[in-house]
Amino acid sequence: TARLQTPYVRVYNEDRDVAAWFLVDMSPSVGFGSKRVRKRSVALEFVTVLARLLSRYGNPVGAILYGNQVDTVIPARSGRRHVLHIVHRLLQFLPKDARRVIETIVLSLVAGGLAVFFLKATDLLFQHTYGQLVLRSRSMFVAGSLLVISVSSLLVCILLKRNPDAAGSGIPQLKVGYWKELGYVPLRPVLVKLTAGILSLGGGASLGREGPTLYMTGGIASALSGLFGKPKRARRDGLTVGVAAGLAAAFNTPLAAITFVLEELVGDLGNRYLGAVVLASVTGALVVQAAIGPQPAFNLPLLEITTWQLYVLVPFVALLATGCGIALHKAALRIRGALMRLRWRFKWLLPLAGGLLTWCIGIAAFLSTGRTGIFGLGYTDLSVALDEGIAWRLAGILTIGKLAATILSYGFGGCGGIFSPTLFIGGMCGFFAAGLCGPWLSLTPSDQVILAGVGMCTCLCAVIRAPLTSMLIVFEMTHQFS
């Protein structure tokens, strides 16, 4: 100390002050024993007595609890309270594998419940607005729909003004949260996305609910992982569980949820999250079936008679639907990028402008066809077409209208995804091609439905670029695996 002008303190440790460590086996095998006593009880009594004797004279005592791996390390300390702490941890011990399963189930139930709530809320708002207006006169529908989409779009603008991260589908933000933030997604944009998504989709914006559902369920699972003690930079497992359960509940498609997480989010079909993703997908599907029922999203007639002429049109339908999907993807992103670069004081009102342009297209299509599929998800018109068929001219009008409306709704910063619009556009492409070639090819109703399914699959795949997910999601949404 005198030479270096820095204080040095020598700490003397007595030889008898030696730390004692207990290596305790907590694997399932210690749950066995005789009729009166089990091995776990004997181990607990042994550790309690010996730890108290050692700590009585000031010796620190620690413990390492392990099952298939080291689960818990209790640092060595002295004192009676520390011994009681070790005993408490032994009594409350739960292996990491068991904790992981319980956390996965809890996160899946919460994520699935949130997805079902979002689904019911958007459907309820849409049915109480457009569903009631369509039963009245055309002039009443025109005026009422303008009021609904204007008010809902304006409210969405106000919400997104302070929380711009909640705009769009949420899939890009989800990927940023997974890859850059290692699983952390802020909770505030999730809550804003929930409110804005209900207003936007229920108010008639030509967007889908699946993207917002994945963002919300992944975000809420990330937040709950923090309550389970996970640090911000270690929540990837919770995020993947929430996304899988959310997609399975949103579409009632557990198989497609598994492949989507592995193909699109993680990018690895052999990922270590596979077991948790499978459990989460099944749990999410059970939640939606318990709340809504096992019925498919689209009711198809029984497919019986098909002809060889069907396969002549399959490549053309696939090419047409793929072209629509690529045009939707590129045009929407280009418009969105150009508008986001604008330095305009009232740029936050862009979703309102997109809603008004969507209303113009939707009204033109409604006056021409009598269908409201341009507004909202469009599932009702697509289900009717798959069940009863549709004229090719009407299918062509709805295809063009839905494509333009979705590009504008998404490009102008609306709150919603593009899964549902791509399914609608692809299905109508199939009916359009089948009806247009009807005079030259003798296609049965079953052929037309299959061509619509081909269009749905290829249009979705052109946008999300996940072929396994695109195939499985159409099969599971229709319950037609044949």
A.B. asks: May I have the step-by-step check of side chain to side chain contact (heavy atoms under 4.5 Å, CB included) for R371 and I397, ending in yes or no?
C.D. replies: CA-CA 10 Å; R371 307 294 179 97; I397 294 173; over 6 Å; no
A.B. asks: First locate atom CG of L460, then atom OG1 of T469, and finally report the distance between them rounded to the nearest 0.5 Å.
C.D. replies: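 These two atoms lie 8.0 Å from each other.
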A.B. asks: State, with a plain yes or no, whether a side-chain heavy atom of C324 is found less than 4.5 Å away from one of C429.
C.D. replies: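 When only atoms from C-beta onward are counted, C429 and C324 do touch, with a gap below 4.5 Å.
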A.B. asks: Please examine the side chains of I464 and S470, heavy atoms only from C-beta on, and report whether any two atoms are closer than 4.5 Å.
C.D. replies: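 Yes; the side chains approach each other to less than 4.5 Å.
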A.B. asks: Tell me the side chain to side chain donor-acceptor pair (under 3.5 Å) pairs involving residues 403-414, sequence neighbours left out?
C.D. replies: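 Pairs touching residues 403-414 that pass the test: S206-T406, T358-S409.
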A.B. asks: Determine whether K120 and V116 satisfy the following criterion, side chain to side chain contact (heavy atoms under 4.5 Å, CB included), listing intermediate values before the conclusion.
C.D. replies: CA-CA 6 Å; K120 284 183 169 291; V116 171; 4.2 Å; yes
A.B. asks: From I418 CD1 over to L333 CG, what is the distance, rounded to the nearest 0.5 angstrom?
C.D. replies: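 Reported value, rounded in 0.5 Å steps: 7.0 Å.
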A.B. asks: Roughly how far apart are I361 CD1 and L356 CG, rounded to 0.5 Å?
C.D. replies: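 I361 atom CD1 to L356 atom CG measures 11.5 Å (nearest 0.5 Å).
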A.B. asks: For a 4.5 angstrom cut-off between non-hydrogen side-chain atoms, does L398 reach F424?
C.D. replies: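 Heavy-atom side-chain distance check passes, below 4.5 Å.
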A.B. asks: Is there a donor-acceptor pair closer than 3.5 Å between any side-chain N or O of R235 and the backbone N or O of P231?
C.D. replies: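 Looks like yes, one N/O pair under 3.5 Å.
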A.B. asks: Start with the C-alpha gap between R233 and E181, add the side-chain angles, then the distance that decides, and say whether side chain to side chain contact (heavy atoms under 4.5 Å, CB included) holds.
C.D. replies: CA-CA 6 Å; R233 297 282 178 163; E181 303 297 334; 3.3 Å; yes
A.B. asks: Looking at I198 and A121, what are the two nearest heavy atoms and their distance?
C.D. replies: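 Residues I198 and A121, closest heavy atoms: CD1-CB, 3.6 Å.
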A.B. asks: Would a 4.5 Å heavy-atom cut-off, applied to side chains only, mark L349 and L154 as touching?
C.D. replies: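 When only atoms from C-beta onward are counted, L154 and L349 do touch, with a gap below 4.5 Å.
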A.B. asks: Could you measure the distance from the OG atom of S152 to the CG atom of L125? Nearest 0.5 Å is fine.
C.D. replies: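 Here the rounded value is 7.5 Å.
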A.B. asks: When you measure from the side chain of W348 to the backbone N and O of L159, does any donor-acceptor pair fall under 3.5 Å?
C.D. replies: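 No; zero donor-acceptor contacts below 3.5 Å.
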A.B. asks: Grab the two heavy atoms, one from A331 and one from I407, that are nearest each other, plus how far apart they are.
C.D. replies: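 What the structure gives for the nearest pair is CB-CD1, 3.7 Å.
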A.B. asks: Name all pairs fulfilling the side chain to side chain donor-acceptor pair (under 3.5 Å) condition that reach into residues 164-175, sequence neighbours left out, sorted by first residue then second.
C.D. replies: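 Passing the test, one end in residues 164-175: K175-E264.
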A.B. asks: Counting only N and O atoms by type, is there a donor-acceptor contact under 3.5 Å from the side chain of R236 to the main-chain atoms of L182?
C.D. replies: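 Not a single qualifying donor-acceptor pair exists.
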A.B. asks: What ring-ring contact (aromatic ring centres under 6.0 Å, His included) pairs are there with at least one residue in residues 196-255, not counting sequence neighbours?
C.D. replies: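 Non-adjacent pairs meeting ring-ring contact (aromatic ring centres under 6.0 Å, His included): zero.
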A.B. asks: Taking 4.0 angstrom as the limit, do K230 and D237 come out as a salt bridge?
C.D. replies: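 Salt bridge between K230 and D237, a charged N being under 4.0 Å from a carboxylate O: yes.
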A.B. asks: Restricting to pairs with a member in residues 244-254, which pass side chain to side chain donor-acceptor pair (under 3.5 Å), not counting sequence neighbours?
C.D. replies: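 Found N252-Q289.
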A.B. asks: Between L350 and K347, is there a side-chain heavy-atom distance shorter than 4.5 Å?
C.D. replies: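 Contact flag for K347/L350 side chains = yes.
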A.B. asks: As a quick check of understanding, evaluate side-chain hydrogen bond (donor to acceptor under 3.5 Å, both in side chains) for T444 and S446, giving each step before the final call.
C.D. replies: CA-CA 5 Å; T444 64; S446 296; 4.6 Å; no
A.B. asks: Decide yes or no for V314 and L451: does some side-chain heavy atom of the first lie under 4.5 Å from some side-chain heavy atom of the second?
C.D. replies: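 The answer is yes; the side chains approach within 4.5 Å.
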A.B. asks: Is there side-chain contact between L155 and T195, with at least one heavy-atom pair below 4.5 Å?
C.D. replies: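 No, too far: nothing below the 4.5 Å cut-off.
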A.B. asks: Holding to side chain to side chain contact (heavy atoms under 4.5 Å, CB included), I want the full list of residues that pass it with S420, two or more places apart in sequence or in another chain.
C.D. replies: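 Listed in chain order: E210, L377, Y379.
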A.B. asks: If only atom types and distance count, is the side chain of S222 paired as donor or acceptor with the main-chain N or O of G183 below 3.5 Å?
C.D. replies: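 Checked: pair present.
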A.B. asks: So, T122 side chain and L201 main chain: donor-acceptor pair closer than 3.5 Å or not?
C.D. replies: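 Here the side-chain-to-backbone pair does not exist.
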A.B. asks: Checking the side chain of R209 only, and the main-chain atoms of L119 only, is there a donor and an acceptor separated by less than 3.5 Å?
C.D. replies: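 Not a single qualifying donor-acceptor pair exists.
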A.B. asks: For the residue pair F432 and I390, establish whether any side-chain heavy-atom pair is separated by less than 4.5 Å.
C.D. replies: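 F432 does not reach I390 side chain to side chain.
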A.B. asks: For V463 versus G325, what's the shortest heavy-atom pair and its separation?
C.D. replies: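 Nearest heavy atoms, V463 then G325: CG2-O, 3.6 Å.
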A.B. asks: Atom OG1 of T104 and atom CG of L109: how far apart are they, to the nearest 0.5 Å?
C.D. replies: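 Here the rounded value is 10.5 Å.
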A.B. asks: Where is the tightest heavy-atom contact between P467 and E263, given as atom of each residue plus distance?
C.D. replies: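 Heavy atoms of P467 and E263 come nearest at CD-OE2, 3.5 Å.
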A.B. asks: Hey, is the main chain of L147 close enough, under 3.5 Å, to the side chain of S150 for a donor-acceptor pair?
C.D. replies: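 Absent.
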A.B. asks: Going through the distances and angles, do V190 and L194 end up as a side chain to side chain contact (heavy atoms under 4.5 Å, CB included)?
C.D. replies: CA-CA 6 Å; V190 172; L194 174 63; 5.9 Å; no
A.B. asks: Let me confirm one number: the CG-CD1 distance from L320 to I425, rounded to the nearest 0.5 Å.
C.D. replies: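 So the CG of L320 and the CD1 of I425 are separated by 10.5 Å.
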A.B. asks: Check this for me: M140, atom CE, are more than 12 non-hydrogen atoms of other residues, nucleotides or ligands nearer than 6.0 Å?
C.D. replies: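 No - once you tally the heavy atoms of other residues, nucleotides and ligands closer than 6.0 Å, there are 12 at most.
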A.B. asks: What pairs of residues pass the ring-ring contact (aromatic ring centres under 6.0 Å, His included) test when at least one of them lies in residues 119-159, not counting sequence neighbours?
C.D. replies: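 Every pair satisfying ring-ring contact (aromatic ring centres under 6.0 Å, His included) with a residue in residues 119-159: F126-Y130, Y130-F375, F141-F366.
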A.B. asks: Taking all atoms of both residues into account, what is the closest heavy-atom pair of G203 and V148, and its distance?
C.D. replies: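 Shortest heavy-atom separation between G203 and V148 comes out as O-CG1, 3.8 Å.
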A.B. asks: Of the non-hydrogen atoms in S145 and V142, which two are nearest, and what is the gap between them?
C.D. replies: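 Closest heavy-atom pair between S145 and V142: OG-O, 3.1 Å.
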A.B. asks: Can you tell me if E476 uses its side chain to pair, donor with acceptor, with the backbone of L255 under 3.5 Å?
C.D. replies: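 Confirmed, E476 side chain pairs with L255 backbone.
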